[in-house]
Amino acid sequence: MTWFARETRQDIWDEAIEGPLGDIEAAARIRAICEAAAASAAGSARNDKRESARYERAAKVAMEIAMKISDGLMRDDAVHRIVDLCMAAGDLKTAQILFRAIHASWIRETVQRDHPVLAQ
């Protein structure tokens, strides 16, 4: 029966969101999604199809939540976390797109320091 329990486990990014999230709650949810999806991102980088699918779902949900954050700094910090997730997955294309969406110069500089390839 363990296979059944494993199949029905729900990832945080698949959980329904009850009502609108405030900026703080949205940022916290993105942080939790990125932390929970770190192993899947690493699996995606190794071309594991199942982990790639999990990473892609997690990143998509995190991006959808980030778009709804009204505070610019909180949104930029959340996007930074998603960029880190994308880079862990080897998803340079998505990371570059998200990097360009970061407006705060100090957050952009931090991302550039962590991932110099994005500045090219």
Side-chain angles (χ1 to χ4, degrees):
M1 280 301 200
T2 56
W3 65 270
F4 182 76
R6 182 175 174 159
E7 290 299 314
T8 60
R9 185 188 81 208
Q10 189 172 23
D11 293 310
I12 187 171
W13 51 86
D14 291 330
E15 293 174 3
I17 297 174
E18 301 296 325
L21 294 174
D23 286 353
I24 293 171
E25 294 86 1
R29 187 160 182 105
I30 290 168
R31 183 173 43 256
I33 288 170
C34 290
E35 289 171 0
S40 293
S44 180
R46 293 188 309 270
N47 294 319
D48 179 317
K49 291 190 185 304
R50 182 176 181 273
E51 294 300 328
S52 290
R54 291 182 77 232
Y55 151 73
E56 289 170 9
R57 281 194 328 270
K60 180 178 183 253
V61 170
M63 287 184 261
E64 289 170 354
I65 294 169
M67 289 188 319
K68 297 174 184 170
I69 297 176
S70 61
D71 181 86
L73 285 176
M74 290 185 85
R75 184 178 50 253
D76 284 354
D77 182 62
V79 171
H80 176 195
R81 291 176 189 279
I82 302 168
V83 167
D84 288 345
L85 182 68
C86 293
M87 292 302 292
D91 187 355
L92 183 61
K93 182 179 176 184
T94 303
Q96 287 173 322
I97 292 167
L98 293 171
F99 173 71
R100 289 192 293 266
I102 297 173
H103 298 289
S105 60
W106 65 273
I107 295 176
R108 286 181 65 85
E109 290 166 8
T110 300
V111 174
Q112 283 179 324
R113 186 189 67 233
D114 294 346
H115 310 290
V117 70
L118 293 176
Q120 298 174 356

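What's counted below: heavy atoms across the whole structure, side chains too, no hydrogens, waters or symmetry copies.
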Please report the shortest heavy-atom distance between [X] and [Y], naming the atom on each side.
X: E51; Y: S40; answer: OE1-OG, 2.6 Å
X: M87; Y: L92; answer: SD-CD1, 3.9 Å
X: I69; Y: A27; answer: CD1-N, 4.1 Å
X: T94; Y: C86; answer: CG2-SG, 3.7 Å
X: G90; Y: A45; answer: N-CB, 4.4 Å
X: I33; Y: A58; answer: CG2-O, 3.6 Å

Is the closest basic N to carboxylate O distance between K60 and E64 below 4.0 Å? yes

Side chain to side chain contact (heavy atoms under 4.5 Å, CB included) assessment of D76 paired with R108: CA-CA 9 Å; D76 284 354; R108 286 181 65 85; over 6 Å; no

Under a 4.5 Å side-chain heavy-atom rule over Ile, Leu, Val, Met, Phe, Trp and Tyr, are [X] and [Y] clustered together?
X: I97; Y: Y55; value: no
X: L85; Y: V61; value: no
X: I82; Y: V117; value: yes

Run the side chain to side chain contact (heavy atoms under 4.5 Å, CB included) test on V79 and I107 for me, step by step, so that the C-alpha distance in whole Å, both residues' side-chain angles and the decisive distance to 0.1 Å come before the verdict. CA-CA 10 Å; V79 171; I107 295 176; over 6 Å; no

Suppose we screen for side-chain contact (heavy atoms from CB on, under 4.5 Å). Which residues come up paired with A119, at least two apart in sequence or across chains? Q112

Output the distance between atom [atom1] ([X]) and atom [atom2] ([Y]), rounded to the nearest 0.5 Å.
X: L21; Y: I30; atom1: CG; atom2: CD1; result: 9.0 Å
X: L73; Y: I102; atom1: CG; atom2: CD1; result: 11.5 Å
X: H80; Y: L98; atom1: NE2; atom2: CG; result: 11.5 Å
X: K68; Y: R75; atom1: NZ; atom2: CZ; result: 14.0 Å

Applying side-chain hydrogen bond (donor to acceptor under 3.5 Å, both in side chains) as the test, list every pair that has at least one member in residues 23-33; sequence neighbours left out. D23-S70

Side-chain donor/acceptor of T110 to backbone N/O of W106, under 3.5 Å: yes

